[in-house]
Amino acid sequence: MDLRQLKYFVQITESGNFSRAAEMLRIAQPSLSQQVKNLEEELGVELFLRHARGVTPTEMGQQLYDHARRILEEVERVRDVVRSQSVYPSGRVAVGLPTSACRGLSIPLITTMAERQPRITLRVVEAMTGYLDEFLQMGRLDVALLYDRRAFENVAWTEMMVEELMLFVPPGHALAAGDGVTLRAVFEHPIVLPGAPNVLRTVIEQFAARHDIKAVAMDCDSLPAIAQLVQQGRALAVMPHFAFVDEMRRGEMVAVPILDPTPSWRLSVVVSPRTMNPRGSDAVAKVMADVIAGMVETGAWRARLRADKGRGEAMRAGPR
C-alpha cells in the first residue's frame, strides 16, 4: 500500500465512478482499476460495490476511506510545515469566521491576503463561534475570529474590539422609529437567537440575568433563517450590526439600539496552539487584524477598537 493507491482510492470513493475519477486523476481507467484490484488483493477485502450508477464503498471500504483521508491530509500538512520554513510564509491556512461576520469579512480578507501573502492558500470555514473554538483547539483550524474568547493557555491571540448587540426589526415595526429599547422591553416581543451553547445566546442570557430579566427566545442556528423570520415579522433578532448590513442597506431591516443595559461582546483573533504552519498562521492573523481594524475605522464595521489596535498594527501575541 502506498500514498498513490490511497489517493486513487479516495478519489474513486468521492467521485462514485471509476471513469469520473480517472478523468480527475488524469490517468487511464484500466490503470486505475488495476491499482484498486492490487489494493484489494493486498488487504484481502472487497472495497467497492459495483452497480449501474457507479460504485459505493463497502463497509471495509468506508473504514479505509476514513483512514486514508486523514493520512493524506496529514501528509499535506507535513508539506505545509516544511514549506512554512522558507523565507516567506506559505502553505495552507484554515481560517474560521463566525456566521455573523463571515459575509462581511471573508471577501476583504481573501482579497487582502492575495495581495500581501500570495504564497499562502487560504481556506475559509464558516461556523458558529462554539464550533470554531472547538475546531481551533483540535487543530482543524489554524486561525479564528472568536467572540468572548476564553482564557486560552499557550495560544497567540489579539483582542481587537468591543461590538454592541442590537435589536433587528422589520421596517414599519413599532420600535423601528424609536431611538432605542431597553433590554427588558426586548423580551416583551418574540425573539429568535442561536441556540445554546452559542456565545451570543450566552452573552444575552448573562446580561439579562444580571438585571433580573427572563430571556425567552426561540432557537435558530441559521443566520439566513433568522433574517427571514425578522423580514416576515415572525420574530425580532438580537445580533451585531455587522451581521445584517446588506439587509439594512436594502431596507429589509432596521437596527434599534438596546439600552439599559447595552449587551456587548469582545472579538479576538486567535491562533491555534496545534497549528502545523505557525509562520503562515501568524501572517494570516496579522492580516486579519489589520483588515478588521481598517473596516472599523472606515465605519464599515460598527465597533470600538481597543486603544492599541489601529490600522497596520501588528498582532500582539500572548504565550505560544
Side-chain angles (χ1 to χ4, degrees), residues 88-89 93-129 132-133 135-136 141-152 155-166 199-200 203 223 239-246 248-249 255 257 262-273 275 277-320:
Y88 301 102
V93 176
V95 178
L97 299 180
T99 300
S100 60
C102 190
R103 287 193 301 174
L105 178 58
S106 57
I107 300 304
L109 176 62
I110 291 170
T111 302
T112 306
M113 280 297 304
E115 294 172 352
R116 300 187 188 179
Q117 299 289 352
R119 296 171 182 262
I120 292 177
T121 301
L122 206 62
R123 176 186 170 219
V124 176
V125 177
E126 176 185 353
M128 293 291 182
T129 300
L132 295 179
D133 185 356
F135 294 161
L136 198 78
L141 291 175
D142 300 296
V143 182
L145 177 65
L146 299 182
Y147 294 108
D148 274 28
R149 61 161 191 84
R150 295 197 304 270
F152 297 127
V155 176
W157 58 274
T158 181
E159 186 176 303
M160 288 297 305
M161 59 190 181
V162 175
E163 187 177 33
E164 294 182 351
L165 302 176
M166 308 189 76
V199 174
L200 175 63
V203 168
L223 192 67
M239 281 280 166
H241 185 274
F242 195 56
F244 293 131
V245 169
D246 291 341
M248 287 186 290
R249 187 181 298 117
T262 299
S264 63
W265 55 11
R266 300 168 298 165
L267 287 83
S268 301
V269 177
V270 184
V271 178
S272 170
T275 178
N277 187 355
R279 294 189 71 232
S281 297
D282 286 345
V284 171
K286 290 176 182 177
V287 171
M288 186 191 296
D290 191 26
V291 169
I292 291 172
M295 294 179 74
V296 173
E297 290 178 350
T298 60
W301 194 327
R302 185 179 295 184
R304 298 191 307 275
L305 286 175
R306 263 184 46 175
D308 59 348
K309 292 293 176 291
R311 191 175 178 84
E313 180 85 9
M315 190 179 100
R316 294 172 181 266
R320 286 299 297 274

| query | With a 4.5 Å limit on heavy-atom distance, are the side chains of R266 and M161 in contact? | reply | no
| Taking C-beta and beyond as the side chain, do L136 and V270 meet within less than 4.5 Å on heavy atoms? | yes
Donor-acceptor pairs under 3.5 angstrom involving side-chain atoms of residues 103-111: please list them, not counting sequence neighbours.
| from | atom 1 | to | atom 2 | distance (Å) |
| --- | --- | --- | --- | --- |
| R103 | NH1 | E247 | OE2 | 3.0 |
| R103 | NH2 | A243 | O | 2.6 |
| R103 | NH2 | E247 | OE1 | 3.1 |
| R103 | NH2 | E247 | OE2 | 3.3 |
| S106 | OG | C102 | O | 2.8 |
| T111 | OG1 | I107 | O | 2.8 |

| message | Working note: R279 + D282, criterion salt bridge (charged side-chain N to carboxylate O under 4.0 Å, His left out); need CA distance, chi angles, decisive distance, verdict. | response | CA-CA 5 Å; R279 294 189 71 232; D282 286 345; over 6 Å; no
| Non-hydrogen side-chain atoms of L267 and F242 separated by less than 4.5 Å | no
| request: Specify the closest pair of heavy atoms between A285 and V271, including all atoms of both residues, with the distance to one decimal. | output: CB-CG2, 3.8 Å
| message | On a heavy-atom basis, which atom in I120 and which in G280 lie closest, and how many Å separate them? | response | CD1-O, 3.7 Å
| Is any side-chain heavy atom of H241 closer than 4.5 Å to a side-chain heavy atom of E164? | no
| 4.5 Å side-chain heavy-atom contact, V95 and V125 | no
| message | Among V269, V93, T275, exactly one meets side chain to side chain contact (heavy atoms under 4.5 Å, CB included) together with V284. Which residue is that? | response | V93
| request: Evaluate the side-chain proximity of W265 to V162: yes if any heavy-atom separation is below 4.5 Å, no if none is. | output: no
| request: Take M239 and M166 through the side chain to side chain contact (heavy atoms under 4.5 Å, CB included) test and state the conclusion after the steps. | output: CA-CA 6 Å; M239 281 280 166; M166 308 189 76; over 6 Å; no
| message | Could you go through D290 and R116, starting from their C-alpha distance and side-chain angles, then the distance that decides it, and tell me whether this counts as side chain to side chain contact (heavy atoms under 4.5 Å, CB included)? | response | CA-CA 11 Å; D290 191 26; R116 300 187 188 179; 2.5 Å; yes
| field | M288 vs M113 side-chain heavy atoms within contact, under 4.5 Å | value | no
| field | Contact summary for M295 and T298, nearest pair of heavy atoms | value | O-OG1, 3.2 Å
| query | Will you find, in the side chains of S268 and Y147, an N or O donor that is under 3.5 Å from an N or O acceptor? | reply | no
| task | Taking S272 for its side chain and D142 for its backbone only, find out whether a donor-acceptor pair lies under 3.5 Å. | result | no
| query | Shortest non-hydrogen contact from P98 to L132? | reply | N-CD1, 3.4 Å
| Are I292 and L145 close enough that some pair of their side-chain heavy atoms sits under 4.5 Å apart? | yes
